[in-house]
Enquirer: 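Shown below is the structure under consideration.
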There are 4 protein chains.
Amino acid sequence: MTQTQNDQAQNNQTQSGAVPANVRLGENNYGKAEVNLMKVFRDSPRHEIRELQVRVGMVGDFDAAHAQGDNTDLIATDTVRNTIYGLAKEGFKSSPEEFGKELIAHFVKTGPRVTGAFAEFTEHLWERVQVGGEGHQHSFARQMPKRTARVEGDGQTFKVTSGIEELYVLKTTNSGWEGYLLEERFTTLPETNDRVMATFVTAKWEYGREDVDYDAVWQQVYTQIQETFTDHYSPSLQNTLYLMGQAVLTRCPDISRIWFRMPNKHHLKYNLERFGLENNNEIFHVDPEPYGLMEGWVERA
Amino acid sequence: MTQTQNDQAQNNQTQSGAVPANVRLGENNYGKAEVNLMKVFRDSPRHEIRELQVRVGMVGDFDAAHAQGDNTDLIATDTVRNTIYGLAKEGFKSSPEEFGKELIAHFVKTGPRVTGAFAEFTEHLWERVQVGGEGHQHSFARQMPKRTARVEGDGQTFKVTSGIEELYVLKTTNSGWEGYLLEERFTTLPETNDRVMATFVTAKWEYGREDVDYDAVWQQVYTQIQETFTDHYSPSLQNTLYLMGQAVLTRCPDISRIWFRMPNKHHLKYNLERFGLENNNEIFHVDPEPYGLMEGWVERA
Amino acid sequence: MTQTQNDQAQNNQTQSGAVPANVRLGENNYGKAEVNLMKVFRDSPRHEIRELQVRVGMVGDFDAAHAQGDNTDLIATDTVRNTIYGLAKEGFKSSPEEFGKELIAHFVKTGPRVTGAFAEFTEHLWERVQVGGEGHQHSFARQMPKRTARVEGDGQTFKVTSGIEELYVLKTTNSGWEGYLLEERFTTLPETNDRVMATFVTAKWEYGREDVDYDAVWQQVYTQIQETFTDHYSPSLQNTLYLMGQAVLTRCPDISRIWFRMPNKHHLKYNLERFGLENNNEIFHVDPEPYGLMEGWVERA
Amino acid sequence: MTQTQNDQAQNNQTQSGAVPANVRLGENNYGKAEVNLMKVFRDSPRHEIRELQVRVGMVGDFDAAHAQGDNTDLIATDTVRNTIYGLAKEGFKSSPEEFGKELIAHFVKTGPRVTGAFAEFTEHLWERVQVGGEGHQHSFARQMPKRTARVEGDGQTFKVTSGIEELYVLKTTNSGWEGYLLEERFTTLPETNDRVMATFVTAKWEYGREDVDYDAVWQQVYTQIQETFTDHYSPSLQNTLYLMGQAVLTRCPDISRIWFRMPNKHHLKYNLERFGLENNNEIFHVDPEPYGLMEGWVERA
C-alpha cells in the first residue's frame, strides 16, 4: 500500500460523521469510449476505408480499486485507447464484429483482473465520390445511416449483435391507422387510410451461429428493411415492424432474431380549410415531437 | 376484419417469392415519447412550476396488431399524449415518480390489451430569478442538471428508479492515477498524483420501500454526490464512484442501491515545455473524446 | 391606447430608480423560425416531395411595438407560420428560392408596417428507395447533405443566395501541407506530402442575374464540388477551396461568386512506432476538434 | 517553387476541358476553431478556473496560397492551436476580451502575411460546489448560460463585442399578446393578456471606450437582463427586448449598444376542454418548434 492509499483508507473511515452504511460493489465495468478510428486499406490504388467509433468496457475483479483505491494490475483507459489503434493495425482485416472479438480476447489475456469485456462500434459509412459515372479510387463522401455492432465475451465465446441506426425512410401513401380504440375519454384522433408514414429505423439482430459473414448479412438486412418498407399497405408501424422482421429472418438464415425501434415521425396534415384551401395530402407539418414509439423483437417460432 | 385488413392479410402471403420464415413476436412495447409538459401551480401568487419530458410505453397482448395488422382495442399513441396532459391536470400533485404511478394505473385500466406500462421522465430544473436577493414570485431561470425517473408496473405494484443527469463537476487538484499496470506493451501513460478530475455524472437509484418522499430524497442525493466529490483525495474515478455510493446509502435509508456512469472528461496538461514554458498544472486541453468511462452499482451488503 | 398599454407606458417611466438612458431602436426584425414543412406533389403516381425548414423575418416600422408595447398592425408570428403552409399550397411549384420570393412579396403586401423581409431555407434531401434497381414511386430515404437558400427583398427585387451544408468528403491520399512558416516559436508540426484530407463543406453562392433555374444550378454545383475535390493534388485546403470556386464559376455562368467554409477535419496518423508497429498511413485518429477552418469567397475577376 | 507546386500549377491549367473562368480571391480568413482550453489560477489554495472554447481567424495576403498552392510564410493552423495554449500561460490574466487582444497582436506580429485577425470565445461558466454553505476551494460545477466574446483588429486597435448565450428564462404570468393585425386571411391566433412567456436569450454588446472592466460589465448585464425580465407586464417580446436594452444602457455607461435574439419558446395551453377539464393556465405543451424569433439592436439616441 502506498502512502496515498493509506491516506485514502483513513479518509474513507473519517470523512462522514455518521457510521458509513455497509456496502459492496455490484455489477460494474470500465474502459474507453468514443475512440474514433479510421483504417485505410492501401493494398491497391483503389483504397478502402472503415471508420469506427469504438467503446470498450472491461469486467472482472475490480473491488480493490473501487473500495480501497488500490489500482494494482488495472489497465489504464489510456492503454485501452492505444490498444484499439494498435490492434487495428495488426488485426481488423474485415468486419467490426471480428475486430470486437480480437479486442476482447486481447483484454482478457492482458489484464490480470479482467474476466470479460464488451466492444461497441458505430461505423460511419462512406461511398466513393462519383466522377463521370465511376467511383473514385481514393475519394469518399459520408452517408447518413450508420452501422452498429456489439460483441461481448470472455475471450473464448462471444455474443454478437449487429445493427443499423439513423435510416430515415418515408412513404407518401399506402399507409393508414384505423380500427383502434375510439370510444375512450382522451381519444380525439380521426381514423385515416391514407397518410404519410415516416420513421427513423434503429435495428439490431443476433445470430444463430458463430461463423458468419457479418458484412454480407448487414447489406442484406439494410436492403431488405427498405424493400419491405415499400412493399405493403401499412395499417400500423407495428405491422410494418413485424413484416420487416419476418422478411429479414426469411432472407438471412444466420439471424436468430431482430429488434426494431421505430418512432412514428408524424407528418401532420396542416389545417388549410380555415383559409379556404383544400389539403389533399399535400401540405404537412413535420412535427419533431412527440412521436409514437414502437419497439419489438421478431423471433423464429 | 375490414377490407383493408383482408388486403393486408393477402399482402403478407404474397409479397415475397420465398416461403416466409416461421416467426413470432417477442418482447415489445409501444407508446409516445418526448411529450413536453409544463405544469404551473397557481394556488398562491408564488407560482411553482414543473417541466417534464415524458415517454410512456405500454406492454400487453399486441400480437394481432403486429402479425395481422388488426388494431382492435389498441390505444392510439395520440391518445397517450392527450392522456399525459389530461392526467397532469387531474393528478401530478407531487413528484414525477408519483405521476408515473398514476399514468401506469390509468393505461392498464383503460387499455383492453394493456397488462403493464412504463413511464420515463426527464425533468428540467428551474430556479427562481433573483431580484434584490429574493427569488421572484413567477420568474424562473433554467438550471443545468436534470432529474430523471422511471416507473414500471402492472398498475398494482411499481418499480421506481430515480436519477440525475448532466451534473458536470470538476476539481483542480486532490486527484491522481497511480499504481496501475505499467509493464504492458500498449501502456504509455505516466503516473500522476495531481491532476484535474472532471466528470459528467449520471446516477440512478432504486428504493427498498414503496412509501418514499421522492423529492426530498432527490435533493439529498444531489447534495451528497457533490459533497463527496470534494471531500477526499481521489486515486481513481472508480474509488470516487464507490465513495459517492457509500455516502448516498449512508445518508438515504430509503435507497437500496445506486448506479453511476462517470466519464473521465480528460483535462490533458498541454505540453508547453516545447516552447520553453513551464506548465505547473495551469494550462489544459479539455479533450472532448475519447474518455475513460466507469459504470457501476453500489449496493447494501 | 388600451389600458394595458397605459399601464405599460407608466411602467417604463417608473420601474428603474435611475433616469433611463436615452435610447432608440436599431436594426431589427421578427418572424417565425423552424417551420418544418413537407409538400407532396401527387400529380402522378410517381410522387415528388420537398421538405423545408423555413425561417421568415420581417423588417419595417416596428418602433411602437418595441418602445411603447403597441402591437397595432403587427402580423403575429403565428400568422407567419400559417402563411408559410398556406402559400406552400398555393405556390411553391419549383425551388425554395422561388418560394422565398412568393413569401416575401406576400408579407410586404399584407403587413401595413412591413417594408421588407427575408426567408431562409434548409432543405432536407430525399432519394427514392431502390427496389430491384428502380426508384420506388412513393418511398424515400433521407440523404445527408442539405440544401440551403436565403432570399431577401422589398417585394419587388430580391437578393438570392443558395448553398450546400454538411457535404462531408475525404480523400486518403493526393494531399499534403508543406512549405509553410517553420522557424517560429510555437510551430511543431512536421511537413507532409501525403495525408488524409477531410472536410465538411459549407458553400453559398450569389447570382449575376434574376432569371435562374435554381434547381439545375444546385445540382451542377453539388457535382462540381465533389469532382474538383478528387481531381488534383491538394497542397492545402485553401488551394482546394480556390479550385472548387474556379471550377464552379467556370461551369455555372449564372453564379457571380461563391463562398466556402471548409474545416480541416484532421485525421492524425496514430503513433504506433511506440509499440513497434509501422503506420504507413493506415491507422488514423479522427480528431473531432480542434480543426483548421478556412473561409473565403471566389469571385469573377 | 517546389516540384509539387510546379505540378500543381500545371494541374490548374489542364484539369478542366473548358477554359477556366477568370476568377480572383475575395474576402477570406483561416485559423483554428474549437480549441478547448482551461486555465487554472493556483496562486492560492482557493483556485480559480476559466474554460474557453477559442476560434482564431487570420486575414491578410493569402492569394498565393489559394491561387498557386504556395504556402510560403503561412502560419500552420496547428501553430495557431499551440499559440493559444502558449499565450494562455504567458498572458490571459483577466478576461477573454483582453486575451483576444493578446492573441491578435501576436498573430499580426508573427505572421509575415497577416494584417489582422479575430478571436472568438465561448466561455463555460463554473460555480464553486457548495459544502456546508461555503464554496469549495477547488471543486466546481458547470452552469448553464455561456459567456461569449469576439475581438477583431489589426494589432493596434480592437473592436470588442461581448455576449451571453443560453440564458433560458420563463415567467408564468404578467405577459400577453393583444392588439395585433387580426383581420387577415391567415390569422387564427386569439388574443391573450395572460400567458407563459419563455425565451432563450442571446445578447451581444459593443463598447463606447477601450478601457473597460469586461468581467464587471458582464456581471452587470447578466443581472440586469434577468431583473428587467421580471419587472414589467410584457405586451410582447419586442417590448421586453427594448426594455432590457434600455435598462442595460442605463446601468452600464461603457456599453454603446446591445443586440438581442429572443426566440419565443411557446408554451401552448393544452386543450383540455375536449376532455371535460378546465385549463386555467396550468397545463402547457412546451413546443420545441416553430418559435417566434425577435432580433434587434437597442442603441443610444
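Only heavy atoms go into these numbers, but all of them, side chains included; no hydrogens, no water, no symmetry mates. In what follows, every chain begins at residue 1, and chains take the letters A, B, ... in the order their sequences are listed. Quick caveat: nothing in here was measured; it's all calculated off a predicted structure.
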Enquirer: Distance alone, cut at 3.5 Å: any donor-acceptor contact between the side chains of C:E289 and D:N36?
Expert: yes

Enquirer: Check each atom of C:P112 against the heavy atoms of chain D and say whether the ones under 4.5 Å are side chain, backbone, both or neither.
Expert: side chain

Enquirer: State whether the side chain of C:Y242 and the backbone N or O of D:V23 hold a donor-acceptor pair below 3.5 Å, judged by distance alone.
Expert: yes

Enquirer: How far apart are the closest heavy atoms of D:A21 and C:R300, and which atoms are they?
Expert: CB-NH1, 3.8 Å

Enquirer: Return yes if some donor-acceptor pair links the side-chain N/O of D:S236 with the main-chain N/O of C:G69 below 3.5 Å, else return no.
Expert: no

Enquirer: Name the member of C:W259, C:W297, C:Y85 that forms the most heavy-atom pairs with chain D at distances under 4.5 Å.
Expert: C:W297

Enquirer: Identify which of C:A65, C:P290, C:G296 forms the greatest number of heavy-atom pairs closer than 4.5 Å to chain D.
Expert: C:P290

Enquirer: Please determine, among D:L241, D:T187, D:L74, the option with the most heavy-atom pairs under 4.5 Å with chain C.
Expert: D:L74

Enquirer: Determine the minimum heavy-atom distance between D:F186 and C:G86, stating which atoms define it.
Expert: CE2-CA, 3.8 Å

Enquirer: Measuring only between side-chain heavy atoms, which start at C-beta, is C:L293 closer than 4.5 Å to D:K32?
Expert: no

Enquirer: State whether a side-chain donor-acceptor pair under 3.5 Å links C:T188 with D:N82.
Expert: yes

Enquirer: D:R55, D:M58, D:R261: which one forms the most heavy-atom pairs within less than 4.5 Å of chain C?
Expert: D:R55

Enquirer: Please flag which part of D:R81 lies under 4.5 Å from any non-hydrogen atom of chain C: side chain, backbone, both or neither.
Expert: side chain

Enquirer: Among the options C:V54, C:V35, C:V298, C:D78, pick out the one with the most heavy-atom pairs lying under 4.5 Å from chain D.
Expert: C:D78

Enquirer: Give the member of C:T77, C:V56, C:L237, C:I75 that has the highest number of heavy-atom pairs under 4.5 Å with chain D.
Expert: C:T77

Enquirer: For the atom pair CG (D:D70) and CD (C:E178), what is the distance rounded to the nearest 0.5 Å?
Expert: 12.0 Å

Enquirer: Taking the side chain as everything from C-beta on, heavy atoms only, tell me whether D:Y30 gets closer than 4.5 Å to C:Q238.
Expert: yes

Enquirer: Name the option with the most non-hydrogen atom pairs under 4.5 Å to chain D; the candidates are C:Q53, C:R257, C:R185.
Expert: C:R185

Enquirer: C:E184 and D:T79: side chain to side chain contact (heavy atoms under 4.5 Å, CB included), yes or no, with the steps?
Expert: CA-CA 9 Å; C:E184 197 273 343; D:T79 301; 3.2 Å; yes

Enquirer: Measure distances from D:T83 to the heavy atoms of chain C and classify the residue's part below 4.5 Å as side chain, backbone, both or neither.
Expert: both

Enquirer: Picking from D:L249, D:L182, D:N264, D:V80, which has the most non-hydrogen pairs under 4.5 angstrom with chain C?
Expert: D:L249

Enquirer: Less than 4.5 Å to any heavy atom of chain C: does that hold for the side chain of D:A247, its backbone, both, or neither?
Expert: neither

Enquirer: Is it the case that the side chains of C:Y291 and D:E34 hold a donor-acceptor pair, with the cut-off being a distance below 3.5 Å and no angle test?
Expert: yes

Enquirer: So, D:N239 side chain and C:H66 main chain: donor-acceptor pair closer than 3.5 Å or not?
Expert: yes

Enquirer: Okay, side chain of D:N28, backbone of C:M294: is any donor-acceptor separation there less than 3.5 Å?
Expert: no

Enquirer: Considering only heavy atoms and a distance below 4.5 Å, find which of C:H266, C:M262, C:R251 pairs most often with chain D.
Expert: C:H266

Enquirer: At a heavy-atom separation under 4.5 Å, does D:L25 approach chain C through its side chain, its backbone, both, or neither?
Expert: both

